[in-house]
Amino acid sequence: MTHDVSPHGPDGSAGSTDGWVALVGGGPGSSGLITARGLELLGRADVVVVDALAPRDLLEDLDPGTEIIDASKRRGRHVMSQEEIDALLVDLARSGKGVVRLKGGDPYVLGRGGEEAAACRRAGVVVEVVPGITSAIAVPAAAGIPVTHRGLSRGFSVITAHADLGVLPQRRDHTLILLMGVSRLRDSVTSLLEAGSDPTTPAAIIERGYHPDQRVTTTELRCLADVAARYGVTAPAVIVIGDVVTLSPYWADRVVEEARPASPAA
């Protein structure tokens, strides 16, 4: 079964008052990286419920009558809880509105889009998920780092720093991508070293990927937390660990000598 989320009904005719929800992945930061389908639905929306990391430049081109609701969630500051966002999407659609939930990256990659889609379906609300370019792959690419590369890496893992990092492959040829990892970076480094990761594994932190002030810092795993502290690394940032980091043009400027090496606890 397929669903057309057109505000004029599945056949394009006027008269339907049924609302709908579209979970739209806005990409990793640049407004030019949203998909054509996502841009189309933004133009149709009555209401846009926008995420903290969504490309907000897109909001400037919306019809003046489009309602914009900020549902940002950042560490230590939530405008709305996830349950409140779920209920809001359902209530707006039930009132006959076309709703775009504009999110950063991809809705289904650590973005809780699955919970929002499930809430809509439970309520009988038509929902469409529009994939976005996930920052887990795109932001490393912005720093010249492919997550896989022949001879260097045949696979990768995407994970948050809150998860158990010790269960991941601890090989330099398996790329590790940490999202939402800045605040727990020292704990993450310790966990990886204790699990057997090579302390000299290349590592990079890409802050504010695809924005004009993007910054890339490269080092080795053992020095990663200290280098990040020294340079005042802040979120949003994507952390990449693995031999593929050596392909980045920023690798030539890596910082290792001035950091205090971290070591596993005895």
Side-chain angles (χ1 to χ4, degrees), residues 28-29 52-53 74-77 104-105 110 135-149 152-153 155-266:
L53 297 179
R74 291 188 182 274
R75 184 173 180 266
R77 184 182 70 83
L110 303 177
S135 61
I137 296 173
V139 170
I145 303 171
V147 296
T148 63
H149 187 83
L152 286 181
S153 174
F156 63 94
S157 296
V158 180
I159 197 165
T160 72
H162 299 276
D164 181 4
L165 303 183
V167 303
L168 299 172
Q170 305 297 320
R171 306 188 312 271
R172 294 168 58 125
D173 66 351
H174 184 90
T175 307
L176 175 60
I177 302 160
L178 284 177
L179 302 184
M180 298 174 282
V182 172
S183 64
R184 293 179 55 87
L185 186 53
R186 191 170 298 280
D187 290 339
S188 297
V189 169
T190 299
S191 295
L192 290 170
L193 293 174
E194 288 178 343
S197 288
D198 183 344
T200 64
T201 302
I205 307 175
I206 305 101
E207 300 171 81
R208 301 176 295 279
Y210 284 100
H211 288 79
D213 59 345
Q214 172 180 299
R215 183 172 68 161
V216 181
T217 305
T218 57
T219 184
E220 295 176 354
L221 175 61
R222 64 189 177 90
C223 305
L224 185 58
D226 288 318
V227 168
R230 181 181 295 273
Y231 284 90
V233 167
T234 59
V238 174
I239 299 160
V240 186
I241 301 168
D243 277 343
V244 290
V245 172
T246 63
L247 297 174
S248 171
Y250 298 96
W251 180 243
D253 298 322
R254 59 192 178 276
V255 180
V256 293
E257 70 279 1
E258 62 182 272
R260 173 179 53 82
S263 59

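For this chain, numbers begin at 1 and follow the sequence in order.
- Scanning all heavy atoms of the two residues, the minimum distance from Val182 to Ala237 falls at CG2-CB, 3.7 Å.
- The side-chain contact (heavy atoms from CB on, under 4.5 Å) with Val216 is formed by just one residue from the set Val245, Asp253, Ile145, Ile206; it is Ile206.
- A salt bridge links Asp226 with Arg186; the closest basic N to acidic carboxylate O contact falls under 4.0 Å.
- Residues Asp198 and Leu221 are not in side-chain contact: their nearest non-hydrogen atoms beyond the backbone lie 4.5 Å or more apart.
- The side-chain contact (heavy atoms from CB on, under 4.5 Å) test with Ser135 singles out one residue from Val158, Leu53, Leu179, Ile177, and that residue is Leu179.
- Atom-to-atom distance recorded for Met180:CE and Ile239:CD1 is 11.0 Å, nearest 0.5 angstrom.
- Shown here for Tyr210 and Pro28, the closest heavy-atom pair between the two residues is CD1-CG, 3.7 Å.
- To the nearest 0.5 Å, atom CG of residue Leu224 and atom OG1 of residue Thr217 are 9.5 Å apart.
- Side-chain contact between Arg208 and Arg215 is present, with at least one heavy-atom pair separated by less than 4.5 Å.
- Remark: the backbone N or O of Leu165 is paired with a side-chain donor or acceptor of Gln170 at under 3.5 angstrom.
- A donor-acceptor distance shorter than 3.5 angstrom exists from the side chain of Thr219 to the backbone of Val255, with no hydrogens or angles considered.
- Contact of the Pro199 side chain with the Leu193 side chain is registered, since non-hydrogen atoms from C-beta on lie closer than 4.5 Å.
- Annotation: the span from His162 atom NE2 to Asp187 atom CG amounts to 10.5 Å, rounded to 0.5 Å.
- At least one side-chain heavy atom of Thr246 sits less than 4.5 Å from a side-chain heavy atom of Leu152.
- Side-chain atoms of His174 and Leu168, non-hydrogen and from C-beta on, never get closer than 4.5 Å to each other.
- Scanning all heavy atoms of the two residues, the minimum distance from Val189 to Ala225 falls at CG2-N, 4.2 Å.
- Between the side chain of Thr175 and the backbone N or O of Gly242, no donor-acceptor pair lies under 3.5 Å.
- Residues Leu176 and Thr201 have side chains not in contact (no heavy-atom distance under 4.5 Å, counting atoms from C-beta outward).
- For the atom pair OH of Tyr250 and CD1 of Ile205, the computed distance is 14.5 Å after rounding to the nearest 0.5 Å.
- Of all non-hydrogen atoms in Val147 and Ser153, the two that sit nearest each other are O-OG, 3.3 Å.
- Heavy atoms only, all atoms of each residue included: Ser248 and Ala143 are closest at OG-O, 2.6 Å.
- For the atom pair Cys223 SG and Arg254 CZ, the distance stands at 11.5 Å (nearest 0.5 Å).
- Taking 4.5 Å as the limit, every side-chain heavy atom of Val233 sits out of range of all side-chain heavy atoms of Leu185.
- Of the N and O atoms on the side chains of Thr160 and Arg184, not one donor lies less than 3.5 Å from an acceptor on the other residue.
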